[in-house]
Novice: 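The structure's right below; bear with me while I get my questions together.
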Amino acid sequence: MKRIRKAIFPVAGLGTRFLPATKAMPKEMLTVVDRPVIQHVVDEARAAGIEHFIFVTGRNKGVIEDHFDKQFELEATLERRGKTKELSELQRDLPSAGQSSFTRQQEPLGLGHAVWCARDIVGNEPFALLLPDMLHHGPSCLAGMMQVYEKSGGNVLAVNEVPKDQVHQYGIVGVGEKLGAGFKITSMVEKPKAEEAPSNYSISGRYILQPEIFALLEKQQKGAGGEIQLTDSMLTLANSQDFFGYQFEGRIFDCGSKIGFLAANIAYGLEREDLAPALRAEIKSVCE
Ligand code: G1P
């Protein structure tokens with residue numbers, strides 16, 4: 001079985017839901033506590049053993065590339081001032097030379113198209129895909145999915161139960177035979193109406209996919225919302241390959257929504273020893 005070495009991060013979206021914050025700054029650079037959202041997701045991928053980080057960007061996203069590059073002046077200044085902890089943290093977070101790639105999605109044609117834009121960089125090997133809007137809080141979700149993959153092969157999607165009145169916001173899967181930390185996926189539909197959804201298990205933005213998906217994406221017709229949908233190509237691939245659902249144990253924050261983003265800041269803040277006591281007191285006093 002081929003090892004998963006590469007991960008795709010689609011970061012081309014315009015972030016219109018966060019205007020005016022995202023007028024001149026990519027939404028992926030909004031911070032949850034003191035780390036940009038995209039850094040949290042890269043951390044999760046690295047914890048799962050990913051070696052190469054592929055960013056599918058768009059216009060006005062140059063700062064993401066800068067964020068994952070060395071900052072000589074800053075490092076020299078930190079060194080001169082003896083700030084060794086900050087310096088080593090910066091160095092730890094940086095992909096090594098040659099371990100990141102950036103390509104552009106030239107038109108906003110949908111998630112399926114964004115993934116297809118990375119086909120040459122991925123090549124003929126299975127890969128991970130992480131949507132930065134969705135923060136999976138707790139142990140690395142992708143690491144848990146890797147364990148499922150190592151046992152079963154095929155394709156693995158992280159899934160999450162959502163209230164029935166939210167199924168129209170997500171890709172929804174059909175639930176088959178139970179297996180360890182998840183189940184066999186029997187069907188998939190992108191953004192169904194509540195009455196047409198096969199279950200209330202949503203695809204939560206973490207995927208392990210086989211490279212055969214690229215040929216399907218290449219000829220994929222537009223689907224929900226007039227966009228080229230990854231879910232539609234996965235459904236076709238499911239005719240010839242297995243798909244497994246992996247139930248993540250931690251909490252998932254949809255940072256594409258304002259409430260999800262604010263809640264993530266509270267949860268990640270409360271997890272920090274240096275911040276939790278004071279933050280708890282502040283929340284209490286604000287709520288009084
Ligand atoms: C995308 C996927 C959808 C998935 C969701 C998770 O939708 O198409 O299947 O459930 O991400 O966030 P989007 O949020 O880009 O509309």
Novice: With respect to H136, which candidate in Y268, Y246, F253, F248 satisfies the ring pair (Phe, Tyr, Trp, His ring centres under 6.0 Å) definition?
Specialist: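 The ring pair (Phe, Tyr, Trp, His ring centres under 6.0 Å) with H136 is passed solely by F248 among Y268, Y246, F253, F248.
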
Novice: Counting distance only, does the side-chain N/O of R119 pair as donor-acceptor with the main-chain N or O of W116 below 3.5 Å?
Specialist: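 Yes, because the side chain of R119 sits within donor-acceptor range (under 3.5 Å) of the backbone of W116.
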
Novice: In sequence, state the C-alpha distance, the side-chain angles, and the governing distance for E44 and C141, and then conclude on side chain to side chain contact (heavy atoms under 4.5 Å, CB included).
Specialist: CA-CA 7 Å; E44 178 193 331; C141 174; 3.4 Å; yes

Novice: Testing the basics here: between L111 and L131, what is the closest heavy-atom pair and its distance to 0.1 Å?
Specialist: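 Minimum heavy-atom separation between L111 and L131: CD1-CD2, 3.8 Å.
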
Novice: Closest approach of L74 and L90, non-hydrogen atoms and distance?
Specialist: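 The answer is CD2-CD1, 3.7 Å.
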
Novice: Could you tell me whether the side chain of N265 and the main chain of F261 form a donor-acceptor pair under 3.5 Å?
Specialist: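 Flag set: sc N265 to bb F261 pair under 3.5 Å.
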
Novice: Under a 4.0 Å threshold between the charged nitrogen and the carboxylate oxygen, would K61 count as salt-bridged to E65?
Specialist: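 Result for this pair is no, no salt bridge flagged.
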
Novice: Check residues 277-288 and write down every donor-acceptor pair under 3.5 Å in which the side-chain atom is one partner and the other belongs to a residue at least two apart or another chain.
Specialist:
none

Novice: Quickly, which of R46, R3, Q99 forms a side chain to side chain donor-acceptor pair (under 3.5 Å) with E51? Name it, please.
Specialist: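 When side chain to side chain donor-acceptor pair (under 3.5 Å) is applied between E51 and each of R46, R3, Q99, only R3 qualifies.
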
Novice: Show the nearest heavy-atom pair for residues H168 and K191, with the distance to one decimal.
Specialist: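 Smallest heavy-atom distance, with atoms named: O-CB, 3.3 Å.
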
Novice: Check for me whether the distance between the ring centres of F68 and F102 falls short of 6.0 Å.
Specialist: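 No.
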
Novice: Does a side-chain N-to-carboxylate-O contact under 4.0 Å join K83 and E89?
Specialist: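 Between E89 and K83 there is no salt bridge, as every charged N stays at least 4.0 Å from the carboxylate O atoms.
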
Novice: Taking all atoms of both residues into account, what is the closest heavy-atom pair of A238 and M188, and its distance?
Specialist: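 For A238 and M188, the tightest heavy-atom pair comes out as CB-CE, 4.1 Å.
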
Novice: Looking at R35 and D93, is there a salt bridge between them, counting it only when a charged N and a carboxylate O are closer than 4.0 Å?
Specialist: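 Looking at R35 together with D93, the answer is yes, because their closest N to O distance falls below 4.0 Å.
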
Novice: Start with the C-alpha distance between L235 and V189, add both sets of side-chain angles, then the distance that settles side chain to side chain contact (heavy atoms under 4.5 Å, CB included), and finish with yes or no.
Specialist: CA-CA 8 Å; L235 187 62; V189 47; over 6 Å; no

Novice: Out of Q221, E212, Q220, which residue meets the side chain to side chain donor-acceptor pair (under 3.5 Å) rule with S233?
Specialist: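 Of Q221, E212, Q220, side chain to side chain donor-acceptor pair (under 3.5 Å) with S233 is met by Q220 alone.
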
Novice: Give the C-alpha distance, both sets of side-chain angles, the deciding distance and a yes or no for side chain to side chain contact (heavy atoms under 4.5 Å, CB included) between I172 and I203.
Specialist: CA-CA 6 Å; I172 302 293; I203 300 170; over 6 Å; no

Novice: Hey, which of Q210, K2, R5 is the one that makes side chain to side chain donor-acceptor pair (under 3.5 Å) with E125?
Specialist: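 Of the listed residues Q210, K2, R5, the side chain to side chain donor-acceptor pair (under 3.5 Å) partner of E125 is R5.
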
Novice: Which of these passes ring pair (Phe, Tyr, Trp, His ring centres under 6.0 Å) with F127: Y149, F214, F9?
Specialist: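 Of all the options given, the one that passes is F214.
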
Novice: Determine, for E227 against K222, whether the closest basic-nitrogen to carboxylate-oxygen distance falls under 4.0 angstrom.
Specialist: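 Judged by the 4.0 Å cut-off on N to carboxylate O distance, E227 and K222 do not form a salt bridge.
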
Novice: Is atom NZ of K184 surrounded by more than 12 heavy atoms (other residues, nucleotides or ligands) closer than 6.0 Å?
Specialist: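 Count not over threshold, so no.
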
Novice: What are the two closest heavy atoms between V162 and S202, and how far apart are they?
Specialist: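 Scanning both residues, the minimum pair turns out to be CG1-OG, 3.6 Å.
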
